[in-house]
Structure formats: structure tokens, C-alpha cells
Amino acid sequence: MQKYIKYSATPLLVCFGIFFALKGEYWMWVFQGIFAFIIIGGDIFLGDDTTNHKFKSTKILNFFLYLNMPLIFVAVIISIWMVGDMTLPEWGNSLIANRNNTIFIHHIGYIVSIGLLVASAATNIGHELTHRKRNRFDMFIGNWLLALTWDCAYAIEHVYGHHKNVATIEDPATAKRGQNPYSFILYATLIAHKNAWKIEHKRLLKKAKKTISIQNRMLIGYGRSILISIGAVYLSGWAGLIMFIFIAMCGKIMLEGVNYMEHYGLIRELGAPILPKHSWNTNKRISSVFLYNLTRHSSHHENASLEYWELKAYPNAPQMPGGYLSSVYLVLFTPWIYHRIMASKLKDWDKNYANNEERRLANIQNQNSGLKYLIA
């Protein structure tokens, strides 16, 4: 039973986030510290999990995915309510007092902490569910979760673009060696939306439908995010809308930071098979539990149709320098340190994983990276 229960960790974490969010004041900063300690500390002290479990009941495993949706929406709603002046019945007087004692710097704590929760408990779950293209219920839940970051393009470009072009020059979600992570985030976001529109145009053209129509999944996706934005304005006015937008931005930045590190500097020829070597993998126990095995990224790209509990550990695949949260913090806050750490890993990849053509392309990237310690 333990192998099932561990996947309740993320909804439980969101519940703790809700509890601290209702307390107001500085408590979201406390939650942020607890969050980081659990994930990063757990990855350091509890090591790797390379076990490939077999499960008889998938209903429990899916339930732990679905449970995140109502919880993360509650967390976002509370954050929006905290910047408004909507009253509550008499039983809510203590909550109103907590809100009144919450100042601007505390609101930033909501943006950072809830944004991080959105990235892990909404976008990550949306990623898992929108890969299930033939399951209408899962697609419905997944797309609403992605609406929290205005990222309807992700369900289209990621599934039909990134998984086809990963680690090639045509993939905007594969970071080049030495690339600035913030320029990558901006570029990847813009090109993902552009590519998603192209994919939708081609799909609708085959069905003899107009691009600007109710069948366009991009327009439907924007509509979902607009509805949430309208709800934010209703709840807390323009301050509520600003809070929602900043939470969405924080969640999106975290997602693209993860995209950056998952394939940073890896090379694949156009049209070549996608192999475990084309993704950075990690088997850190706590990251794997909280992210529903997104960490087993080499297996995910080798076979994108696998459910999260079916992904293989692949201890011999190229390995990240740590767990997901520690690695993405390095990317976003100290990219120069991240590049230094990854330089030796990229040299090892060039030597022990790459074929001759990949080495040639890697050498070109090394020369263009501006990182002297990458050049042999």
C-alpha cells in the first residue's frame, strides 16, 4: 500500500499551503521555507529510488492526480481573496483579521509560494493528463490546470512539437549550451504559442474548419484563462487580477526553468530516434514522489504514452546534478554556477553518449556558447 500512498504527497502539500495561506501575514514565507526543506533536503538525505513498481489498481493513482485540481484552485482563490476586501459571514472574522494584517511583502510570499505550487500541482499534472489524448476527462482536467498559467499552448506544442523535435535545433524547449535562462524563457514561451497556432491551423485545415473558430483549442484555452481572470476581478477587483497574473507568471517561469534543465545542451540529429540519452534524468526519491515521476524524463521521452507510474528509472541515463527543485533554483537564481556544474556533465555526454554527428553539432554549440570551459 505504501507504493500507492506516497503519491498523495502533492495534494497533502497543497493542503498545507492552503492552511498557511489562510493564516495570512508572513506565513507563506514560512511555508516556502518548509517546502524547500522537504524537497531539497529529502533529495539530499533520502537519495535515489530506482525501483520500477507494478500496480494493480490505477484508480487510486489517478485519484491522487485529480485531487490536485480542486485543491490548487482553492489555494489560488485564497491568494486572490487576500488582496481584496470581500466580506465574509461572522464566522470568517478571524480570516478577515488575518487578511488585514497581510502587507505587500507578504503578498509577494503568496505569489512565490502559490506560483511554485501551481507549477508542481497544476502544470505538472496538466502535463501528465494532456498526454492522454484519447481520454476526454483527463484532457478536460489537464487543460483547466494549464489555464492557471495561461499556457494552453503547452498541451499542443509540447505534445505534438516538443516530443517530436526534442534536443534538435527545431525545438524551442531545448536550451542551448550557455544560453541565458531568462532569454530562453521568453523565447520558448513566444515560439511555443506561435508553433501551437501553426499546429492548430493545420489540424483545422484538414477538417475543413476555419482557424478562428470555436473548434480552435488555442482560443478555447485562452477562454479558460480569461474566465479565471474575470473570477479574480469579481473576487478582489483589479488587485485580484494582478495577483492572479503574477501567480501565473511565477508558475510559468518555474515550468520553463524546468524545461531548461531537462534538455540543457543535449544534441540530436533531425529525424534521429529519441533515446534516453536525449534527456537529463534524475531518480531522486522525493522529487520523483512529489512530481509523479516527471523526474524519469528519459523514459518519458522514449515513450510518451506511458502513465507516470509506468516510467522507468534508467540509472544509466544522463543524470542531473540534483533533484528538480535544487536544479531549477540553480538555473533561475545562479545560472553561472549551473553552467559550471553542467560543463563537466556535457563533456561526459559528448564523450560517452554522443555519436559522431552529435559530437560535431555539440562542438559547434560549445564554440558558440561563450563558455570557455566548455571548449576542449
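- Residues Ile114 and Phe31 are not in side-chain contact: their nearest non-hydrogen atoms beyond the backbone lie 4.5 Å or more apart.
- Thr174 and Ala167 make their closest contact through OG1-N, 2.9 Å (heavy atoms, listed as atom of the first residue, atom of the second, distance).
- The shortest heavy-atom contact between Met261 and Val331 is CB-CG2, 4.0 Å.
- Taking both residues in full, the closest heavy atoms of Ala121 and Val14 are given as CB-CG2, 3.6 Å, listed atom of the first, atom of the second, then distance.
- One hydrophobic cluster, built from ILVMFWY side chains closer than 4.5 Å, holds both Trp27 and Ile247.
- Minimum interatomic distance between Leu116 and Tyr329 (heavy atoms only, all atoms of both residues): CD2-OH, 3.6 Å.
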Steps toward ring pair (Phe, Tyr, Trp, His ring centres under 6.0 Å) verdict (Tyr308, Tyr292): CA-CA 6 Å; Tyr308 77 86; Tyr292 296 96; 5.1 Å; yes
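- A donor-acceptor contact shorter than 3.5 Å links the side chain of Asn281 to the backbone of Ala313.
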Before giving the answer on ring pair (Phe, Tyr, Trp, His ring centres under 6.0 Å), spell out for Phe137 and Tyr66 the whole-Å C-alpha distance, their side-chain angles and the decisive distance to 0.1 Å. CA-CA 10 Å; Phe137 178 77; Tyr66 302 146; 5.1 Å; yes
Evaluate side-chain contact (heavy atoms from CB on, under 4.5 Å) for Leu294 paired with Glu262, printing each intermediate quantity in order. CA-CA 10 Å; Leu294 176 69; Glu262 285 177 335; 3.8 Å; yes
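- In the model, Ser213 has a side-chain atom that pairs as donor or acceptor with a side-chain atom of Gln215 under 3.5 Å.
- Side-chain contact, Asn283 with Tyr314: no donor N or O sits under 3.5 Å from an acceptor N or O.
- In plain terms, the two heavy atoms of Arg132 and Met139 that are nearest each other are O-CG, 3.4 Å.
- The aromatic ring centres of His263 and His162 sit less than 6.0 Å apart.
- The closest donor-acceptor contact from the side chain of Ser287 to the backbone of Tyr324 lies under 3.5 Å.
- In terms of modelled atom types and a separation under 3.5 Å, the side chain of Trp280 and the main chain of Leu266 share no donor-acceptor contact.
- Atom CZ of Phe246 has 12 or fewer neighbouring heavy atoms from other residues, nucleotides or ligands inside a 6.0 Å radius.
- Asn363 places no side-chain N or O within 3.5 Å of a backbone atom of Arg360 that could act as its donor or acceptor partner.
- Between Lys277 and Glu358 there is a salt bridge, since at least one side-chain N of the basic residue sits less than 4.0 Å from a carboxylate O of the acidic one.
- Looking only at side-chain heavy atoms (C-beta outward), Ile141 and Asp138 stay at 4.5 Å or farther from each other.
- Of the listed residues (Ile72, Leu117, Leu71), just one forms a side chain to side chain contact (heavy atoms under 4.5 Å, CB included) with Ile18, and that residue is Leu71.
- Without hydrogens or angle criteria, Asn303 side chain to Ser299 main chain gives no donor-acceptor distance under 3.5 Å.
- Crowding of Phe16 atom CZ: a count of heavy atoms from other residues, nucleotides or ligands under 6.0 Å not exceeding 12.
- To the nearest 0.5 Å, atoms CG (Asn101) and NE2 (His106) are separated by 9.0 Å.
- Taking every heavy atom of both residues into account, Pro181 and Tyr260 meet most closely at CA-CE1, 3.6 Å.
- Residues Lys345 and Pro321 are in side-chain contact: their nearest non-hydrogen atoms beyond the backbone lie under 4.5 Å apart.
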Intermediate values then yes/no, side-chain contact (heavy atoms from CB on, under 4.5 Å), Asp49 and Ser288: CA-CA 8 Å; Asp49 177 12; Ser288 297; 5.8 Å; no
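- Here the side chains of His300 and His131 are in contact, with some heavy-atom distance below 4.5 Å.
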Using side-chain contact (heavy atoms from CB on, under 4.5 Å), reason through Thr130 and Asn143 one step at a time and then give a plain yes or no. CA-CA 7 Å; Thr130 53; Asn143 277 293; 4.1 Å; yes
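- Linking ILVMFWY residues whenever their side-chain heavy atoms come closer than 4.5 Å, directly or via other members, leaves Leu241 and Ile108 in distinct clusters.
- Ring geometry for His339 versus Tyr264: interplanar angle under 30°, hence parallel rather than tilted (30 to 60°).
- Rounding to the nearest 0.5 angstrom, the gap separating the CD atom in Glu256 from the OG1 atom in Thr189 is 4.0 Å.
- Going from atom CG of Asn100 over to atom CD of Glu25 covers 10.5 Å, rounded to the nearest 0.5 Å.
- For Ile214, the CD1 atom is loosely surrounded, since the number of other residues' heavy atoms within 6.0 Å does not exceed 12.
- Within the 4.5 Å cutoff, the side chain of Arg224 has heavy atoms near those of the Trp144 side chain.
- Below 30°, between 30° and 60°, or above 60°: for His158 and His163 the angle between ring planes is above 60°, a perpendicular geometry.
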Going through the distances and angles, do Arg203 and Arg217 end up as a side-chain contact (heavy atoms from CB on, under 4.5 Å)? CA-CA 10 Å; Arg203 184 183 73 87; Arg217 293 176 295 183; 3.2 Å; yes
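- Counting heavy-atom neighbours within 6.0 Å of His201 NE2, excluding the residue itself, gives a total of 12 or less.
- Of the possible donor and acceptor atoms, none in the side chain of Asn293 sits under 3.5 Å from a partner among the backbone N and O of Leu311.
- Although no hydrogens or angles enter the test, the distance criterion places a donor-acceptor pair under 3.5 Å between the side chain of Ser113 and the main chain of Met28.
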Could you walk me through whether Arg285 and Asp43 pass the salt bridge (charged side-chain N to carboxylate O under 4.0 Å, His left out) check? CA-CA 6 Å; Arg285 188 180 306 275; Asp43 282 339; over 6 Å; no
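- Within 6.0 Å of NZ in Lys209 there are 12 or fewer heavy atoms belonging to other residues, nucleotides or ligands.
- Side-chain contact between Met254 and Leu325 is present, with at least one heavy-atom pair separated by less than 4.5 Å.
- The NZ atom of Lys198 lies 8.0 Å from the CD1 atom of Ile191; values are rounded to the nearest 0.5 Å.
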Let's go through His301 and His278 carefully: what are the C-alpha distance in whole Å and the side-chain angles of both, what is the deciding distance for ring pair (Phe, Tyr, Trp, His ring centres under 6.0 Å) to 0.1 Å, and is it a yes or a no? CA-CA 8 Å; His301 271 278; His278 294 123; 9.5 Å; no
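- Judged by distance alone, with hydrogens and angles left aside, the side-chain atoms of Ser236 form a donor-acceptor pair with the main-chain N or O of Ile80 at under 3.5 Å.
- Within a 6.0 Å radius of CZ in Phe55, more than 12 heavy atoms belonging to other residues, nucleotides or ligands are found.
- No path of Ile, Leu, Val, Met, Phe, Trp and Tyr side chains, each step under 4.5 Å between heavy atoms, connects Ile103 with Trp81, placing them in separate hydrophobic clusters.
- Looking at heavy atoms from C-beta onward, Phe290 lies in side-chain contact with Ile38 at the 4.5 angstrom threshold.
- Surrounding CG of Asp85 are at most 12 heavy atoms belonging to other residues, nucleotides or ligands under 6.0 Å away.
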Take Lys194 and Glu157, measure what salt bridge (charged side-chain N to carboxylate O under 4.0 Å, His left out) needs, and give me the verdict at the end. CA-CA 9 Å; Lys194 179 182 177 181; Glu157 206 288 328; over 6 Å; no
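- Contact check for Phe244 versus Trp150: side-chain heavy atoms found under the 4.5 Å cut-off.
- For Arg359 (side chain) and Asp350 (main-chain N/O), a donor-acceptor pair under 3.5 Å exists by modelled atom type.
- Under a 3.5 Å cut-off, the side chain of Glu200 and the backbone N or O of Asn216 do not form any donor-acceptor pair.
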